[in-house]
Structure formats: structure tokens, C-alpha cells
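We count ligands from 1, going down the list as the structure has it; atoms in each ligand are counted the same way.
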Amino acid sequence: MAPLKPYFTGQEIPPSKRVTTCQKCIRTGDIERVGKTARHGTFFEMLGNFSFGDYFKEEATQWAWEFATEVLKLPKDRLYVTIYENDDEAFEIWTKKVGVPADRIYRMGKEDNFWEIGQGPCGPCSELYFDRGEDKGCGKPDCKVGCDCDRFIEFWNLVFTQFNKEEDGTYSKLENPNIDTGMGLERIATIMQGVDSIFEVDTIKAILDKVCEVANYKYNSDDKKDVSIRVITDHIRSVTFMVSDGILPSNEGRGYVLRRLLRRAARHGKLLGINNAFYMKFVMLLLKIQRRLILN
Ligand code: GLY
């Protein structure tokens, strides 16, 4: 959460020491996987809770478990946890305070379980995974948490922003450690609704159905066409939210991301035989769905 770095360092005073958020996020790092897996999308809503020098690892960890198991009522025997490889403090909390068995906790490297963007505040992460069952997996004998398939789905990342990365690349301890968590709304909705992928969550499925209608195509009748339908469904969401936030297509930065998404969706539209300008047909539907969600 790069824009919040001044709050993590104490350079700026946050509106409150404890904050919760619902953030619109665009991430295109995995764009080639969108439409091909159950869990990737370029647009998602991230539900966050933040502590700016207030509660820390022990509270954030216990509250995440309480929310997952007592509020959402996810069965404990389908939950797994990852921690950063040398974060023994997190291991102690998960095992001794929360009561998660040690064999359900996986230690991961820097690429997966350490949050940092350039210099400044950063720290180890702990992630919660849900086991969607063998039938959703790759079937390989070594399939486990961290496998690239869709069986074990990561739905919540707890970032313990406790270090500062200095100019020379060394890490110092922040005087007041922070918490920054992010739960993927689409992923947790997939789990809670017991559906196959983020594209079958009720709100997203409504858009997917409309895309199928415009393409005059029956979903699940051709694997390649299904991918195109899902790509368009995803990109419509990204593009609509970007434009409504004032971003316009251009050759650089965010504008280029938008242009790329529009072009990809148009290309997939052509693959489906849609040759007219089809985006506008979905925008009103999407806005109606969001409005209904907000009003409810
Ligand atoms: N805000 C938590 C994350 O970016 O994973």
C-alpha cells in the first residue's frame, strides 16, 4: 500500500490509528493468466484493515482467524497458513495463541511472503489459504499450499509492516510497527458461494452472462471461447472502474494500462465474432450491480 507509507513511518498522521478499507485494485502482472485460472483477475476489490503504530502481529493474526472461522464460519480443517521463512514470531503466534497445528503452517520465501516496494516501510507477510478440495486441483502427488493450481486459494494477506528498507538495501526496525491486511473480495466470495471460480460469483456471473448473450454463445461449450468470455468479463470491470476514476487511454502509465485492457477485450471480442462496439452494453449493467450492492 505504497500511498500509505508516510503513515507507516510516522511522517504523516493518519485520520485514525485503526482504519478499514474496501479498495478498488487493478493488477496486470498476471494478465496472461486471467480467464485461464479460477482465481486471477485484473480488477479486484481488496478488503483491508490497517494499524498505524497501534495493534500488531498478535492481534491481527488472532482477529483474522476469528473472522475466518467464527464470522465466515470457514471450517478449520480446510484452512492453511503461510508465514515468511524466518518469521518465528508469527509461527509462535499461529501455533501457541491461535492454536493452528504446526503442520498446517508453511514457511515461504521472500517472493511470496515479504511485502516491499522500493525503499521505505516493508515487512513479512502471513497468508490464509482455503483448500477447495482435491477435485479443484492439479492431481499431482506433491500438490500442496503454494501449488500453482486452483486447489489451495489464498484469500487473505496479513502484512506485518515492521521494517524500513534503507537506501543501501539494509533493513532497520520501524519504531512503531504497523499492520496492512488485504482480503480479496472476489476470492472470498468464490469460497463462500461455493462456486468454481471468481467468474461464477453472482455479481460477476451476471456480467459474464451478458457477454455470452452479446456473443450469442453458450458458456461451457468451447474451452477457448470460454477463456475469451472470461477475459472480456474481467476487462470490462477494470476498464469501467478506471474510466469512472478519471483515467483515459494514453501511451503511458495508467492510461496505457487502460488502453491495453481495451485492446485485449476488443481482440477477444473479435475471436468471438463480435465486431461492433460492445463495451457500452455492459457498463450500465455493471454500475447497476455495484449500486445495488452499495444500497443493500
Ligand atoms: N494490502 C495487502 C496486500 O497488498 O497484500
Taking all heavy atoms of Val195 and all of Arg132, pick out the closest pair and write down the distance. O-NH1, 3.5 Å
State, with a plain yes or no, whether a side-chain heavy atom of Arg237 is found less than 4.5 Å away from one of Ile207. yes
Considering only N or O atoms, set out every pair between ligand 1 and the protein closer than 3.5 Å, with distances to one decimal place.
from, atom 1, to, atom 2, distance (Å)
ligand 1, 1 (N), Asp180, OD1, 2.5
ligand 1, 4 (O), Arg27, NH2, 3.4
ligand 1, 5 (O), Asn157, ND2, 2.9

Parallel, tilted or perpendicular: rings of Phe56 and Phe160 (30°, 60°): perpendicular
Just grab all the ring-ring contact (aromatic ring centres under 6.0 Å, His included) pairs involving residues 6-27, residues at least two apart or on different chains. Tyr7-Phe52, Phe8-Phe52
Examine the side chains of Thr37 and His40 and answer whether a donor and an acceptor come within less than 3.5 Å of each other. yes
Less than 6.0 angstrom separating the ring centers of Phe50 and Tyr55, yes or no? no
